[in-house]
Protein chains: 2
Amino acid sequence: MTQHLELVQSLRQAGHRLTPQRESVLAVIADSHEHLSAEEILARVRKRYPYLNKSAVYRSLELLTELGLVTLTDLGHGRVEYELHRHPHHHHLVCRKCKSVQQIDHRLFQNLQKKLESDFGFRADLDHFAIFGTCRKCSTRTAKNPKRHSH
Amino acid sequence: MTQHLELVQSLRQAGHRLTPQRESVLAVIADSHEHLSAEEILARVRKRYPYLNKSAVYRSLELLTELGLVTLTDLGHGRVEYELHRHPHHHHLVCRKCKSVQQIDHRLFQNLQKKLESDFGFRADLDHFAIFGTCRKCSTRTAKNPKRHSH
DNA sequence: ACACTATTTGCAACTGGTCGCAATTGCATC
DNA sequence: GATGCAATTGCGACCAGTTGCAAATAGTGT
């Protein structure tokens, strides 16, 4: 939980207030080592603050993402997932057809990331990235049998 | 409109039916040279088919995207935007803080795209991509004055 | 400890998008 | 041009997430 403390510090340093709501959202994320959906976060937070409102959770998550303390990934499952920002990170290849998710190493992105920073001064959040496309299986399958597509 | 015809062909070839709903969604997208939100597409389609249901539009768009005829971009404005798939394409750098959008050349992605295909057999839809992060202006600003962040 | 005020929260209404299912329809075959 | 049936649509309920606004409160200064 020293991590938790650090996070609280970053928040305050960036000029934001530390409310019990934010504190508990942070705690939940810091304590978990998996991806969490907003819904799951809300449920866990409510164990400590039963009446906490969902907009508070969403607003906290938005802020934490903006501050770079939390990463957000849309794996195309209809809900966004949050995770404490840890280094280094993996990325995801998400197949639009079969919805499979494949992890890839973060180093694949380093060149691009550096180039964006040097050319445009843009600090890309490429720490936890989802790329959509068609996986090997689905590419070959559709080439043979146009009609079939699983889901 | 020859383009429109080609699109219809691709649809049929992939084993899908050509319904008036799909046809009009396609026509609207093919006729427009800007990004269109689903809502805008729905509105335009209704000029021809006044009672067309929104789910039909969404389902058509999903299909067209899957077939690669249409590209979909989430610029973080709370709504996804659709566009006819034209080559070559630009990409977008979206600042999480000031929400500004900056276009960049598609060639920045070619290496990555090739690598994903050769290493994983994954055909990434990198034709129209949005990368989130912090733009130059916002990086320097937050370093100086932690509190300020426009929106 | 108290007052002040900008930030944050709770609430409830709203929005964009999805889903299950019954009714309809494109199109292949006769 | 009629038949059959799987693909597709319409519908309404639903879901995740957002927003505007009035009420509450963290943190600053006294």
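In what follows, chains carry the letters A, B, and so on, assigned in the order in which the sequence lines appear, proteins first and then strands, with residues in each chain numbered from 1. Side-chain atoms are counted along with the backbone in the values below, which use heavy atoms only and exclude waters and symmetry mates.
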May I ask you to verify whether the side chain of A/Arg59 and the base of D/dT18 hold a donor-acceptor pair under 3.5 Å? no
Ignoring hydrogens and angles, tell me if any N or O in the side chain of A/Ser60 forms a donor-acceptor pair with the backbone of A/Ala56 under 3.5 Å. yes
With respect to the phosphate group of C/dT18, does any side-chain polar atom (N or O) of B/Tyr58 fall under 4.0 Å of OP1 or OP2? no
Hey, is the main chain of B/Ala38 close enough, under 3.5 Å, to the side chain of B/Arg79 for a donor-acceptor pair? no
Most 5' of B/Ser55 and B/Arg22 on DNA chain D, judged by nearest nucleotide: B/Arg22
Please report the distance, rounded to the nearest Å, between CG in B/Leu63 and C1' in D/dA7. 11 Å
Between B/Leu61 (CG) and C/dG17 (P), how many Å, whole number? 9 Å
Rounded to the nearest Å, what distance is computed from the OH atom of residue A/Tyr49 to the C1' atom of nucleotide C/dG10? 15 Å
Just how far, in rounded Å, is P of C/dG16 from CG of B/Leu72? 16 Å
Please check the phosphate of D/dA7 (OP1 and OP2 only) for any side-chain N or O of B/His16 closer than 4.0 Å. no
Roughly how many Å is it from CD in B/Glu40 to C1' in C/dG17, rounded to a whole number? 17 Å
Quick one: the side chain of B/Arg79 and the base of C/dT15, do they pair up donor-acceptor inside 3.5 Å? no
Do the side chain of A/Arg17 and the base of C/dT8 come within less than 3.5 angstrom through a donor-acceptor pair of N or O atoms? no
Could you state the CG-P distance from A/Leu26 to C/dT8, rounded to the nearest angstrom? 14 Å
Looking only at N and O atoms, is any donor in the side chain of B/Lys54 or the base of C/dG16 less than 3.5 Å from an acceptor on the other one? no
Starting from the 5' end of DNA chain C, give me the residue, B/Pro20 or B/Ser37, whose nearest nucleotide shows up first. B/Ser37
Over all heavy atoms of both residues, which pair between B/Leu11 and B/Arg17 is shortest? Give the atoms and the distance, please. CD2-O, 4.1 Å
If you take all heavy atoms of A/Tyr82 and A/Ile41, which pair is closest and at what distance? CB-CD1, 4.0 Å
With the side chain defined as heavy atoms from C-beta on, B/Val80 is closest, among C/dG10, C/dG17, C/dT8, to C/dG17
Hey, is the side chain of B/Asn53 poking within less than 4.0 Å of OP1 or OP2 on D/dT9, counting only N and O atoms? no
Residue pair B/Glu39/B/Leu18 against DNA chain C: nearer the 5' end by closest nucleotide is B/Glu39
For the pair made of CG in A/Leu52 and P in D/dT25, what is the distance, rounded to whole Å? 13 Å
B/Leu64 and its side chain to side chain contact (heavy atoms under 4.5 Å, CB included) partner, picked from B/Thr71, B/Leu84, B/Leu72, B/Leu69: B/Leu69
Please report, rounded to the nearest Å, how far the P atom of C/dT25 is from the CD atom of B/Glu23. 17 Å
A/Gln21 side chain near C/dG10 phosphate (N/O to OP1/OP2, under 4.0 Å): yes
